[in-house]
Asks: 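Pasting a structure below so you can have a look.
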Amino acid sequence: MYFCGSKKYTYMSQRTKIKALLQSQQTDIDVTVKGWVRAFRSNRFIALNDGSTNNNIQIVVDFENTDPALLKRITVGAAISVSGKLIASLGKGQTVEVIAANIDILGDSDPEKYPIQPKKHSLEFLRENAHLRFRTSTFGSIFRLRNSLAFAVHQFFQERGFVYLHTPVITQSDAEGAGEAFHVTNFDLNNIPKTDTGEVDYKQDFFGTSTNLTVSGQLEGELGAMALSDIYTFGPTFRAENSNTTRHLAEFWMIEPEVAFNDLDDNMDLAEDMLKYVIKYALDKNPDDIEFLTQRLQEEEKQKPQNERSEMSLLEKLQFCLDNDFERLTYTEAIDILKESTPNKKKKFQYPIEGWGTDLQSEHERYLVEKHFKKPVILTDYPKAIKAFYMRQNEPDAQGRETVRAMDILFPGIGEIVGGSQREERLDKLEQRMDEMGIPKDELWWYLDTRRFGACEHAGFGLGFERLVLFVTGMGNIRDVIPFPRFPKNAEF
RNA sequence: UCCUGAGUAGCUCAGCUGGUUAGAGCAUCUGACUGUUAAUCAGAGGGUCCCUGGUUCGAGUCCAGGCUCAGGAGCCA
């Protein structure tokens, strides 16, 4: 426990973290190190890890002069404390090692029962052991990177004077229509109060109304931006969609900046700057983890046929992303490119491009990003009919086609990582659109008030944090980049 | 939710057209060895073949239904 007060507490009693030991310029010094045993070889060499880095420190045990009963308890997964001398390593493979003078077993780990072995495990198996998977090199690296990215997000916005706004997790309506919401209720589900007409009587529920978990903080975010100018949210978001993919979670973290007086171009600049900033931060802060995951991905790609392997390594992909401007084009331009594309002409698309107005399929987005431009792409000005009610309407073009000021950022291997728009600030246009789409205006009276009192141009976007972590770690399944994933048929841990 | 594939030892997997006692590598245990890096060598233990039902003299294998997982699609971030 760490207390603030008149007395000073050291919260790491004489323990040196392994990251610091491995970087130590000094040798022949006495140290104490604590961690979990990753491997114990030849009764002599302990690979010890404490999570401060993906590298282990080697502990050398004088087994001939150590109690055999103690040696038997140095098993994979055990927590131990070692004090001894840090020396330049006598063997190859590491620069320094600790010659153990004293070893304490802090917590035993029964080798017959401990599931994590010093070998390759499948990601599926580790997902079933999510409580222990932090102890593997891969997941250690993933969650250190996730931490760095989260911190970098805050630092990016804080440096620019944004206000971190906490939007509610429990909301009254699913007005945005951004997917199915989870209901929140305090009713006894075996005895739900009904009205005379047989409908659920929400008046008797905790909030006196039907409530659910938030599907987006955007609408509340806009309220903040209409006074604080520049805000962002960063919190959990919930969707009850029955999505079974490598890119969807029922509980995920979303970053949603909302900026007054910004138009769509400003919005795109902000999103691109932010993505580059946080990726650069991760590269600078966690080079060892990126390096490890780069190698992991290379090993994994060796299993694939040649034509499915990616041209760039993970490290190269991240660097490439920093060094190049994202390609910006309109939906209409994208349709023209797709129409003229080889796969479309050769009828290789499962959904051929037939005309203007329908939404792009995953295969089309992948073609644009991975084959045509070979870099991140920002698509703008989508057809009005396929986008949300709050997006600002453009003037119809010469052919009478109606679009809105939307933007989607598409990343290689991930697809849509950011979705955003300039918002419709004109009350009449907004109300008309809500009527057309059947959005209840009375429930959103507070949202419409921002258009009644001091409305102004503004824009924002939503970034799926796990999709960003997917990209930076090079992992293939979104369930592996959040500590305890929530998805259909699974809420374990 | 749809399509495809999978479920066999703690893990990763093999098991052919149904046929005695279901196999391998790694892990574990015992012993040997001791500057190892996925240590090595010898031996041992370890199975509800996902579940339920069916066909058959006989089912890990065939059929039906279900459950779970993976990949792809849809929805989206």
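Computed from a predicted structure; not experimentally measured. Chain A is the first sequence line, chain B the second, and so forth, proteins listed ahead of strands; every chain is numbered from 1.
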Asks: Parallel under 30°, tilted from 30 to 60°, perpendicular over 60°: which one fits the rings of A/F143 and A/F134?
Replies: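 If you compare the ring of A/F143 with that of A/F134, the planes turn out tilted.
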Asks: Please classify the nucleic acid contact of A/R38 as base, sugar-phosphate, or nothing, using heavy-atom distances under 4.0 Å.
Replies: nothing
Asks: With heavy-atom distances below 4.5 Å as the criterion, would you say the side chains of A/V418 and A/M274 are in contact?
Replies: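 In short, these two side chains do not touch, never coming nearer than 4.5 Å.
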Asks: Is the closest side-chain heavy-atom distance between A/R392 and A/E424 below 4.5 Å?
Replies: yes
Asks: According to the Watson-Crick and G-U wobble definitions, with both distances under 3.5 Å, which nucleotide is paired to B/U1?
Replies: B/A73
Asks: Of A/G464 and A/S122, whose closest RNA chain B nucleotide lies nearer the 5' terminus?
Replies: A/S122
Asks: Between B/A64 and B/G25, how far is it from one C1' atom to the other, in whole Å?
Replies: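 It works out to 36 Å between them.
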Asks: Expressed in whole Å, how much space separates the C1' atoms belonging to B/C69 and B/C51?
Replies: 15 Å
Asks: Need one value for A/G462: base, sugar-phosphate or nothing, where a base atom within 4.0 Å counts as base even if backbone is also close, heavy atoms only.
Replies: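 Sugar-phosphate, no base atom in range.
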Asks: Using a 4.0 Å heavy-atom cut-off, does A/Q117 contact any base of the nucleic acid, only the sugar-phosphate backbone, or nothing at all?
Replies: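 The answer is base, as A/Q117 lies within the cut-off (heavy atoms under 4.0 Å) of a base atom.
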Asks: Please work out if A/R127 contacts a base, only the sugar-phosphate, or nothing of the nucleic acid, heavy-atom cut-off 4.0 Å.
Replies: sugar-phosphate
Asks: Need the pair for B/U61. Rule: Watson-Crick or G-U wobble, both distances under 3.5 Å, any strand; none if unpaired.
Replies: none
Asks: Please give the distance between the P atoms of B/C67 and B/U21 as a whole number of Å.
Replies: 34 Å
Asks: Does the base of B/G35 carry an N or O that pairs as donor and acceptor with the side chain of A/E97 under 3.5 Å?
Replies: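 Under the 3.5 Å cut-off, the side chain and the base do form a donor-acceptor pair.
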Asks: CG/A/L264 to CG/A/D269 distance, rounded to the nearest 0.5 angstrom?
Replies: 9.5 Å
Asks: Between the base of B/C76 and the side chain of A/S243, is there a donor and acceptor pair under 3.5 angstrom?
Replies: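 No, the side chain and the base share no sub-3.5 Å donor-acceptor pair.
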Asks: Would you say A/R41 places a side-chain N or O within less than 4.0 Å of OP1 or OP2 belonging to B/U36?
Replies: no
Asks: What nucleotide, of B/C76, B/U28, B/C26, holds the atom closest to the side chain of A/K119?
Replies: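 Nearest nucleotide to the side chain: B/C26.
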Asks: In whole Å, measure the gap between the C1' atoms of B/G74 and B/C3 for me.
Replies: 11 Å
Asks: Is the phosphate of B/G25 approached by A/K120 (side-chain N or O, under 4.0 Å from OP1 or OP2)?
Replies: no
Asks: Can you find an N or O donor on one side and an acceptor on the other, under 3.5 Å apart, linking the side chain of A/H248 with the base of B/C76?
Replies: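 Yes, the side chain and the base share a sub-3.5 Å donor-acceptor pair.
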Asks: B/G25, B/G74, B/U36: which one has an atom nearest the side-chain heavy atoms of A/Q94?
Replies: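 Nucleotide nearest to A/Q94's side chain: B/U36.
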Asks: Record whether the side chain of A/N244 comes under 3.5 Å of the base of B/U1 through a donor-acceptor pair of N or O atoms.
Replies: yes
Asks: Mind checking if A/V76 touches a base, just sugar-phosphate, or nothing, with heavy atoms under 4.0 Å?
Replies: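 Since no nucleic acid heavy atom lies under 4.0 Å of A/V76, the category is nothing.
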Asks: When you compare B/A44 with B/U56, how far apart are their P atoms, in angstrom units rounded to a whole number?
Replies: 43 Å
Asks: Tell me which nucleotide, if any, is Watson-Crick or G-U wobble paired with B/G25 when both distances must be under 3.5 Å.
Replies: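 Partner of B/G25: B/C11.
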Asks: Please name the nucleotide paired to B/U68 by Watson-Crick or G-U wobble geometry with both distances under 3.5 Å, or report none.
Replies: B/A6
Asks: Report the distance from atom CE of A/M475 to atom P of B/A70, rounded to the nearest whole Å.
Replies: 13 Å
Asks: Which residues within residues 59-71 of chain A lie with some heavy atom under 4.0 Å of an atom in RNA chain B?
Replies: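 Result for residues 59-71 of chain A: A/F63, sorted by number.
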Asks: If I take atom CD1 from residue A/I353 and atom NE2 from residue A/H364, how far apart are they, to the nearest 0.5 angstrom?
Replies: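 It is 3.5 Å, given to the nearest 0.5 Å.
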Asks: With ring centroids as reference points, do A/F326 and A/F411 lie under 6.0 angstrom apart?
Replies: yes
Asks: With heavy atoms under 4.0 Å as the rule, sort A/P111 into base, sugar-phosphate or nothing.
Replies: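 Counting heavy atoms under 4.0 Å across all strands, the contact made by A/P111 is with sugar-phosphate only.
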Asks: Without decimals, in angstroms, what is the distance between A/Q361 CD and B/G74 P?
Replies: 5 Å
Asks: Just to be sure I understand the rule, does A/T245 reach a base, reach only the sugar-phosphate, or reach nothing, if contact means heavy atoms closer than 4.0 Å?
Replies: base
Asks: Nearest whole angstrom, please: distance from the P of B/C76 to the CZ of A/F487.
Replies: 22 Å
Asks: Looking for any heavy atom pair under 4.0 Å, which part of the strands does A/K489 touch: base, sugar-phosphate only, or nothing?
Replies: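 Sugar-phosphate contact only - A/K489 comes under 4.0 Å of backbone atoms but never of a base.
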Asks: Using a heavy-atom cut-off of under 4.0 Å over every strand shown, decide if A/L249 touches base, sugar-phosphate, or nothing.
Replies: base
Asks: Test A/F484 against A/F139 for ring pair (Phe, Tyr, Trp, His ring centres under 6.0 Å), laying out the working first.
Replies: CA-CA 12 Å; A/F484 303 105; A/F139 284 92; over 10 Å; no
Asks: Could you check which nucleotide pairs with B/C33 in any of the strands shown, counting Watson-Crick or G-U wobble with both distances under 3.5 Å?
Replies: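 Here B/C33 is not engaged in any pair, so there is no nucleotide opposite it.
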Asks: Within this structure, what is the CZ-CD1 distance for the pair A/F125 and A/I116, rounded to the nearest 0.5 Å?
Replies: 5.5 Å
Asks: Give me the distance, rounded to whole Å, that separates B/U8 from B/C49 when you measure between the C1' atoms they each carry.
Replies: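 My reading of the C1' atoms in B/U8 and B/C49 gives 4 Å.
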Asks: Would you mind reading off the distance between A/F125 atom CZ and B/C13 atom P, rounded to a whole angstrom?
Replies: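 Between P of B/C13 and CZ of A/F125: 12 Å.
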Asks: Starting at atom CZ of A/R247, determine the distance to atom C1' of B/A73, rounded to an integer number of angstrom.
Replies: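 Rounded to the whole Å, the gap is 9 Å.
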Asks: Base, sugar-phosphate alone, or nothing: which one does A/F45 contact when heavy atoms must sit under 4.0 Å apart?
Replies: base
Asks: Tell me whether the side-chain N/O atoms of A/Q58 come closer than 4.0 Å to OP1 or OP2 in B/U36.
Replies: no
Asks: With rounding to whole Å, what would you report as the distance between B/U61 and B/U55 at their C1' atoms?
Replies: 14 Å
Asks: Contact between A/D273 and A/F156 at the side-chain level, heavy atoms closer than 4.5 Å - yes or no?
Replies: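 In short, these two side chains touch, coming nearer than 4.5 Å.
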Asks: Provide the distance between the two C1' atoms, one in B/U20 and one in B/A27, to the nearest whole Å.
Replies: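 After rounding to an integer number of Å, I get 31 Å for this pair.
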Asks: Tell me the interatomic distance from A/Y351, atom OH, to B/G72, atom C1', rounded to whole angstroms.
Replies: 11 Å
Asks: Using the six-membered ring of A/F471, assess whether NZ or CZ of A/R467 lies under 6.0 Å from its centre and within 45 degrees of the ring axis.
Replies: no
Asks: Examine B/G72: is either OP1 or OP2 under 4.0 Å from a nitrogen or oxygen in the side chain of A/T246? Give yes or no.
Replies: yes
Asks: Need one value for A/N477: base, sugar-phosphate or nothing, where a base atom within 4.0 Å counts as base even if backbone is also close, heavy atoms only.
Replies: sugar-phosphate
Asks: If the test is ring-ring contact (aromatic ring centres under 6.0 Å, His included), which one of A/Y277, A/Y164, A/F465 qualifies with A/H154?
Replies: A/Y164
Asks: State whether A/S42 places a side-chain N or O below 4.0 Å from either non-bridging phosphate oxygen (OP1 or OP2) of B/U37.
Replies: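 No.
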Asks: Looking across every strand, which nucleic acid part, if any, lies under 4.0 Å from A/F411 by heavy atom: base, sugar-phosphate, or nothing?
Replies: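 Since no nucleic acid heavy atom lies under 4.0 Å of A/F411, the category is nothing.
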Asks: Between B/C76 and A/R467, counting only base atoms on the nucleotide and side-chain atoms on the residue, is there a donor-acceptor pair under 3.5 Å?
Replies: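 Indeed, a donor on one side and an acceptor on the other fall under 3.5 Å apart.
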